[in-house]
Amino acid sequence: MGQLASEQMAKGNGQSLNGQSSAKLKSYAPATGELLGEAPNMGPDEVRAVVERARRAQEAWGALSIEERGERMLRFRDALVDRADEVIDLLSRECGKPRHEALLHELMVVADVITFFAKVAPQALAPREISLHLLKHRRSFLHYSPRGVVGVISPWNYPLQLPLRDVVLALVAGNAAVLKPSEVTPLIALKAKEIWDAAGLPEDVFQVVTGYGPTGAALIDAGIQLCVFTGGVATGKRVAAACGERLIPCVMELGGKAPLIALDDADIERTAQAIVFGGFTNAGQVCISVERVYAHQKVHDRVLDRAVEITRSLRQGDPASDFVDVGAIIFPHQIDVAERHIKDAIEKGAQLKVGGKRREGTGQFFEPTILSGCNHDMTVMTQEIFGPVIPFMEVASEEEALRLANDSHLGLNAYVFTADRDRGHRLAERVQAGSVLVNDVITNGGTPDAPFGGIKQSGFGRVLGEDSLRDMCDVRHISTDRVRMTGKDPLWYPYSETSYGWFKKGLRALFSGGGIVQRIRDIL
Ligand code: NAD
């Protein structure tokens with residue numbers, strides 16, 4: 001087993017972590033430690049066979065009309081909704097997330113994504129004519145054809161929403177999809193596959209390959225035409241390099257370090273509520289969670305105090321047995337990371353305002369934590385935490401907040417809070433992030449209409465939004481003559497001094513800076 005596989009195993013829910021290869025993945029409930037089930041650890045030959053079956057199935061799927069594919073996707077949506085309780089229960093157990101979040105941030109988003117793309121695809125993927133600005137004697141058409149088999153590699157934090165989002169886009173566009181879910185949440189992906197099959201949809205068009213990192217690497221090597229990867233920056237670099245080796249296009253949805261800027265006129269209550277929800281939803285294990293707060297000195301203390309007060313009222317526990325606000329942490333490594341950041345911050349002068357400890361006893365829990373007095377010498381302000389820890393920093397001006405918000409190697413989401421939405425909009429335009437929300441947090445992660453993705457090391461390419469549907473396709477340009485052409489074209493052979501002279505005059509006439517009179521003179 002390679003080092004990569006050992007690393008992946010060392011993260012897996014903290015169980016059977018002796019670094020040895022295991023025949024099967026074991027999925028444990030992070031809130032209780034209960035063994036929920038097993039899944040195969042698939043090797044390269046099995047993955048290749050899956051991709052081959054997907055390729056064959058894609059031919060018939062891709063030949064359906066867009067409307068027919070949309071109708072079948074809606075059947076999948078209906079089957080998911082019919083089995084909502086089962087899906088929510090498993091999500092809550094396998095990921096340790098509150099049932100509200102399993103419902104609203106996972107299943108509801110998937111249902112909406114399917115509904116939206118089934119509706120817009122016929123128009124978004126219809127062939128369209130473009131007007132050529134120079135070659136007016138020709139007509140140009142763009143056609144969007146499926147690429148073939150799309151490989152989707154996904155993380156554990158939203159184990160239904162993230163993979164199915166990409167699978168849905170791939171399928172609506174006429175591709176087959178092979179999903180490699182995270183090794184720590186394989187069961188929910190297998191549940192989605194079970195529901196797909198039970199709905200009578202073509203089995204090989206959507207398949208799941210389970211395993212550790214090497215199974216994902218095998219998927220990239222198995223002859224896919226596009227890889228949509230969501231995960232950490234370090235893995236993303238390896239995946240992008242592997243795709244580069246094989247000249248496969250890829251979409252990279254990587255880590256985040258979302259800043260929240262509270263301007264001097266921010267509404268205290270809304271800002272504090274947004275910070276707490278945005279920082280602690282899914283126990284902070286969100287690529288777009290509020291990972292650092294820059295609060296103007298005029299509002300800093302009031303926002304901080306209120307955020308601490310709300311945090312104290314949050315209920316944390318096993319989401320499968322109770323309606324809690326904050327659930328479990330997926331595996332012990334994430335708790336270690338949170339503790340490391342907190343220790344570093346306190347050693348450098350930060351104050352612990354609330355939380356700060358792992359919970360003793362059954363399950364993996366870490367208290368929702370707020371730190372104040374933070375600065376950019378502390379790792380908590382500069383590196384991804386991916387846990388329930390929110391560091392506050394007081395700033396003296398909007399410009400200081402902007403400079404610090406942009407002082408990051410990551411750029412996925414960012415948030416601005418202000419009573420003046422136009423001011424917020426202007427500031428948002430200067431924040432270096434793929435998405436900036438004014439007076440809101442998190443919602444864009446599940447908004448199918450708008451593109452989602454990062455800049456800097458948060459990745460490249462976009463998922464969601466109509467363009468992402470077209471990105472699932474090869475764009476083909478078809479050009480025809482506008483009027484019947486006979487004989488040779490003036491651009492063809494033979495070259496002569498006369499034709500060269502005419503083309504040179506043409507260069508000046510078309511592209512020199514003079515006015516129309518000057519241009520006519522150039523031709524004559
Ligand atoms: P990860 O990078 O460890 O793993 C992601 C997936 O990649 C897993 O399925 C894993 O098995 C697979 N993988 C590992 N090595 C591979 C390889 N060499 N080739 C192919 N596949 C390989 O990430 P994680 O711990 O599961 O998720 C947390 C990270 O994901 C965080 O950094 C978070 O910010 C990021 N994330 C980003 C987004 C986004 O939309 N930008 C969304 C959610 C999570």
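Start at 1 and go down the list; that is how both ligands and their atoms are numbered. Only this structure's heavy atoms are used, side chains among them; waters, hydrogens and symmetry mates stay out.
With atom 21 (N) of ligand 1 as the reference point, the heavy atom nearest to it among Gly216, Gly454, Cys227 is part of Gly216. Selection from Gly231, Pro155, Pro214, Ser182 by nearest heavy atom to atom 35 (C) of ligand 1 gives Gly231. Of the listed options Cys243, Gly232, Gly453, Ala218, Gly232 places a heavy atom closest to atom 29 (C) of ligand 1.
Checking only distances, Gly211 never comes within under 3.5 Å of ligand 1, N or O to N or O. Residue-to-ligand polar distances keep Arg238 apart from ligand 1: every N/O pair is separated by 3.5 Å or more. The N/O atoms of Thr230, backbone and side chain alike, include none that comes under 3.5 Å of an N/O atom in ligand 1.
Side-chain N or O atoms of Arg147 include none that pairs as donor or acceptor with a backbone N or O of Ala170 at under 3.5 Å. Side-chain N or O atoms of Gln225 include one that pairs as donor or acceptor with a backbone N or O of Gly223 at under 3.5 Å. Looking at Gln457, its side chain never comes within 3.5 Å of a backbone N or O of Leu410 through a donor-acceptor pair.
Of all atoms in ligand 1, numbered sequentially from 1 with element shown, those under 4.0 Å from a heavy atom of Pro181 are 9 (O). Within the listing of ligand 1, atoms 19 (N), 20 (C) sit less than 4.0 angstrom from a heavy atom of Ala217. Atoms of ligand 1 found under 4.0 Å from any heavy atom of Glu253 (numbered from 1 in listed order, with element): 37 (C), 38 (C), 39 (C), 40 (O), 41 (N). For ligand 1 and Glu384, the ligand atoms under 4.0 Å from any heavy atom of the residue are 31 (C), 32 (O), 33 (C), 34 (O). Each of the following atoms of ligand 1 lies closer than 4.0 Å to a heavy atom of Ile153: 6 (C), 7 (O), 9 (O), 12 (C), 20 (C), 21 (N). Residue Glu183 approaches ligand 1 through these ligand atoms, each under 4.0 Å from one of its heavy atoms: 8 (C), 9 (O), 10 (C), 11 (O).
The pair Glu183-Lys180 meets the salt-bridge criterion, with a side-chain N (NZ, NE, NH1 or NH2) lying under 4.0 Å from an Asp/Glu carboxylate O. In summary, Glu347 and Lys343 engage in a salt bridge, as defined by a charged side-chain N under 4.0 Å from a carboxylate O. Using a cut-off of 4.0 Å between Lys/Arg side-chain N and Asp/Glu carboxylate O, Arg470 and Asp467 are scored as salt-bridged.
Residues meeting the salt bridge (charged side-chain N to carboxylate O under 4.0 Å, His left out) test with Lys191, sequence neighbours left out: Glu86, Glu194. Residues forming a ring-ring contact (aromatic ring centres under 6.0 Å, His included) with Phe206 (at least two apart in sequence, or on another chain): Trp196.
No option in Thr382, Thr369, Thr379 other than Thr379 meets the side-chain hydrogen bond (donor to acceptor under 3.5 Å, both in side chains) test with His341.
In this structure, Tyr158 and His105 have tilted ring planes: the angle between them lies in the 30° to 60° band.
Residue contact check for ligand 1: Tyr158 places no non-hydrogen atom closer than 4.0 Å to it.
Counting heavy atoms under 4.0 Å from ligand 1, residue Phe386 touches it through the side chain alone. Of all the heavy atoms of Leu412, the ones lying under 4.0 Å from any atom of ligand 1 belong exclusively to the side chain. With a heavy-atom cut-off of 4.0 Å, Ser154 touches ligand 1 through its backbone alone. Contact annotation: for Leu162 versus ligand 1, heavy atoms closer than 4.0 Å belong to the side chain alone. With a heavy-atom cut-off of 4.0 Å, Asn157 touches ligand 1 through its side chain alone.
Contact check for Trp156 versus Gln285: side-chain heavy atoms found under the 4.5 Å cut-off.
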